[in-house]
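Heavy-atom basis, side chains included; hydrogens, waters and symmetry copies ignored. In what follows, every chain begins at residue 1, and chains take the letters A, B, ... in the order their sequences are listed.
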2 protein chains.
Amino acid sequence: MSISERKQRDKIEMENLILNSAMELFLKEGYDNVTIRKIAEKIEYSPTTIYLYFKDKDEIFFTLQKMAFREFNKVQLKTSEIKDPIERFFAHGKSYINFATENPGYYDLMFIMNEPVRNLKSPDEWKDGMTSYDYLKQNIKDLIQMKYLPETDIEVAAFSIWSLVHGIASLVIRRGIFFPEEYRNQLVEGALMYLFSNLSNKS
Amino acid sequence: MSISERKQRDKIEMENLILNSAMELFLKEGYDNVTIRKIAEKIEYSPTTIYLYFKDKDEIFFTLQKMAFREFNKVQLKTSEIKDPIERFFAHGKSYINFATENPGYYDLMFIMNEPVRNLKSPDEWKDGMTSYDYLKQNIKDLIQMKYLPETDIEVAAFSIWSLVHGIASLVIRRGIFFPEEYRNQLVEGALMYLFSNLSNKS
DNA sequence: TTGACAAACTTAACAACGTTAAGTATTTTT
DNA sequence: AAAAATACTTAACGTTGTTAAGTTTGTCAA
């Protein structure tokens, strides 16, 4: 059965070749330049070959989203080493914003673009998106337990805090032009401080 | 010179015909269905006629964005009648979220989509986007003056609070599938309460 | 009123796109 | 070595945004 194993390896390799080329095109040249034909040219296959590995273009973007999530989760979970829950909470928030501003392409794929999500019918298919959200919930629970945050519905609190950082990130990514470049970082930094300290200083 | 006046009127009328058809297509059938050809068919002109009135497709979306802003600003400024600054602040936030969830298309045009903003080089061209932001800043000033909010940089505070509501709105619009439909409204309502009360109850 | 000129609009075409159907090689199985 | 399955390509369809060239319509001076 070694031959069918090799075939399966080859298939995965080809899928990765396609995905990596697509990701590279997306990150370097933006969404508009990710065309089936350009991916094909990059990997030196005919355009139609791609359809032997992916149903359509949206499925490619769905898989790119997964890749982005894996990268994102890896970075997010690094903060779990921090013992102090309030310090961990801050670090998590900072890390979120950092990832978003340093990898706007990944962030777009995960939380803004429609393409990766167009064919989803249920939230279950968003498992990769859950990992870091669950981590946030756990952090919030710790904060509440230690009385750093008032007792509230965990779901509401998690959604609120996610909204808060997502708002900052997505404003900068999609409407950054609106804010003079010199102040942009200060603004982001300041907003994070402002909102987080308002949340946790109450006790 | 009445004849050239009539011509100018006609030109504006034609522009509006194009814009209204484009907006209708956008709101009813989504971005993908706004094509030059479909707009043309709707207004019963040839596709190329549209290029006599707009430079390209992005310019149409830029103008649609302006229309969305006008509608948005009109609704937002209604809350200015409220005397009590803290009550006004809450009402403003609620009105923001309401507009976003009831007019996701408008909201997308204003604050999420790239198309309307692709050819902008400076924030000055975003005058329509400023109106309600300036109004927010004024409201924040009032709150600070009355000691309902701690003394801070107005720009940072405004950006923070905008981020906060924008986060809620854009999460629901672009990643609504992630949250079960039954709870979505409660989640949004809860988040708004949670975040706003954390901000203003300190004094 | 007519002829020149400009404005408004259309036809035809281009290059690029996503995607499918049909065909050709290549590899594996019998 | 023949048959069957796999991997890949060629050619084409129907769209898309956009431009160049042509036609019709309206305006104005003679």
Side-chain angles (χ1 to χ4, degrees), chain A residues 1-19 21-26 28-65 113-119, chain B residues 1-19 21-23 25-26 28-65 109 113-119:
Chain A
M1 271 298 136
S2 172
I3 166 156
S4 77
E5 279 172 16
R6 194 215 66 211
K7 286 213 171 183
Q8 207 185 336
R9 272 204 318 273
D10 285 355
K11 186 171 173 168
I12 290 173
E13 207 173 314
M14 184 64 154
E15 279 170 7
N16 285 335
L17 187 62
I18 294 170
L19 289 170
S21 304
M23 187 66 100
E24 200 178 320
L25 275 172
F26 176 69
K28 277 192 187 158
E29 326 207 18
Y31 173 70
D32 285 345
N33 286 300
V34 186
T35 70
I36 299 289
R37 283 170 161 90
K38 278 190 187 159
I39 299 171
E41 194 182 12
K42 219 165 147 63
I43 64 177
E44 299 180 289
Y45 281 83
S46 97
T48 51
T49 299
I50 291 170
Y51 287 90
L52 301 172
Y53 297 88
F54 294 95
K55 188 179 132 286
D56 57 22
K57 207 183 159 183
D58 282 345
E59 193 177 80
I60 294 179
F61 275 94
F62 175 66
T63 317
L64 292 185
Q65 192 195 45
M113 285 178 59
N114 282 325
E115 287 78 7
V117 113
R118 264 210 282 248
N119 295 317
Chain B
M1 271 298 136
S2 169
I3 166 159
S4 76
E5 279 172 15
R6 193 215 65 211
K7 286 211 171 182
Q8 210 187 333
R9 273 204 317 274
D10 285 356
K11 187 174 171 166
I12 290 172
E13 205 173 315
M14 185 62 155
E15 280 170 6
N16 286 335
L17 188 61
I18 294 171
L19 289 170
S21 305
M23 186 67 99
L25 274 172
F26 176 70
K28 278 193 189 155
E29 325 206 21
Y31 173 70
D32 286 345
N33 286 301
V34 185
T35 70
I36 300 289
R37 282 171 164 88
K38 277 192 187 156
I39 300 171
E41 195 183 11
K42 219 166 147 63
I43 65 177
E44 298 180 289
Y45 280 84
S46 96
T48 53
T49 300
I50 291 170
Y51 287 90
L52 301 171
Y53 297 88
F54 295 94
K55 186 179 135 288
D56 57 21
K57 207 184 160 184
D58 282 345
E59 194 176 80
I60 294 179
F61 275 94
F62 175 65
T63 318
L64 291 185
Q65 190 194 46
L109 278 168
M113 284 176 62
N114 283 325
E115 287 77 9
V117 112
R118 265 210 282 246
N119 296 315

*Backbone of E115(B) reached by a side-chain donor or acceptor of K57(B) within 3.5 Å*: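 Pair absent, no side-chain N/O of K57(B) close to backbone of E115(B).
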*What is the distance from atom CD1 of I18(A) to atom OH of Y45(A), rounded to the nearest 0.5 Å?*
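If I round to the nearest 0.5 Å, the distance is 9.0 Å.
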*Nearest-nucleotide 5' precedence on DNA chain C, P47(B) against K11(B)*: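 Result: K11(B).
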Between [atom2] of [N] and [atom1] of [X], the distance in whole Å:
{"X": "D10(A)", "N": "dC8(D)", "atom1": "CG", "atom2": "C1'", "answer": "14 Å"}
{"X": "Y51(B)", "N": "dA12(C)", "atom1": "OH", "atom2": "P", "answer": "19 Å"}
{"X": "I39(B)", "N": "dT16(D)", "atom1": "CD1", "atom2": "C1'", "answer": "13 Å"}
{"X": "I18(A)", "N": "dA7(D)", "atom1": "CD1", "atom2": "C1'", "answer": "12 Å"}
{"X": "E13(A)", "N": "dA7(D)", "atom1": "CD", "atom2": "P", "answer": "13 Å"}
{"X": "D56(B)", "N": "dT16(D)", "atom1": "CG", "atom2": "C1'", "answer": "14 Å"}
{"X": "I50(B)", "N": "dT10(C)", "atom1": "CD1", "atom2": "P", "answer": "10 Å"}
{"X": "E41(A)", "N": "dG18(C)", "atom1": "CD", "atom2": "C1'", "answer": "16 Å"}

Identify whether any heavy atom of [X] sits under 4.0 Å from a base atom; if not, whether one sits that close to sugar-phosphate; answer base, sugar-phosphate or nothing.
{"X": "T48(B)", "value": "base"}
{"X": "F54(A)", "value": "nothing"}
{"X": "T35(B)", "value": "sugar-phosphate"}

*Applying side chain to side chain donor-acceptor pair (under 3.5 Å), name anything that partners R118(B), two or more places apart in sequence or on another chain.*
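Here the qualifying residues are D32(A), D58(B).
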*By side chain to side chain donor-acceptor pair (under 3.5 Å), which residues pair with Y51(B), not counting sequence neighbours?*
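Counting only residues at least two positions away or on another chain, Y51(B) forms no side chain to side chain donor-acceptor pair (under 3.5 Å).
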*Please determine, for the side chain of S46(A), which listed nucleotide (dG17(D), dA8(C), dT10(D)) has the closest atom?*
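Selected nucleotide (nearest to the side chain): dT10(D).
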_As a test of reading the structure: which of dT19(C), dC9(C), dG17(D) is closest to the side chain of L52(B), going by heavy atoms?_
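Among dT19(C), dC9(C), dG17(D), the one nearest the side chain of L52(B) is dC9(C).
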_Using OP1 and OP2 only, check whether a side-chain N or O of Y53(A) sits under 4.0 Å from dA7(D)._
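False: Y53(A) side-chain N/O out of range (4.0 Å or more) of dA7(D) OP1/OP2.
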*Below 4.0 angstrom, N of the basic side chain to O of the carboxylate: do K42(A) and E24(A) qualify?*
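Between E24(A) and K42(A) there is a salt bridge, with a charged N closer than 4.0 Å to a carboxylate O.
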*Please figure out whether R37(A) or Y45(A) has its closest DNA chain D nucleotide nearer the 5' end.*
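The 5'-side residue here is Y45(A).
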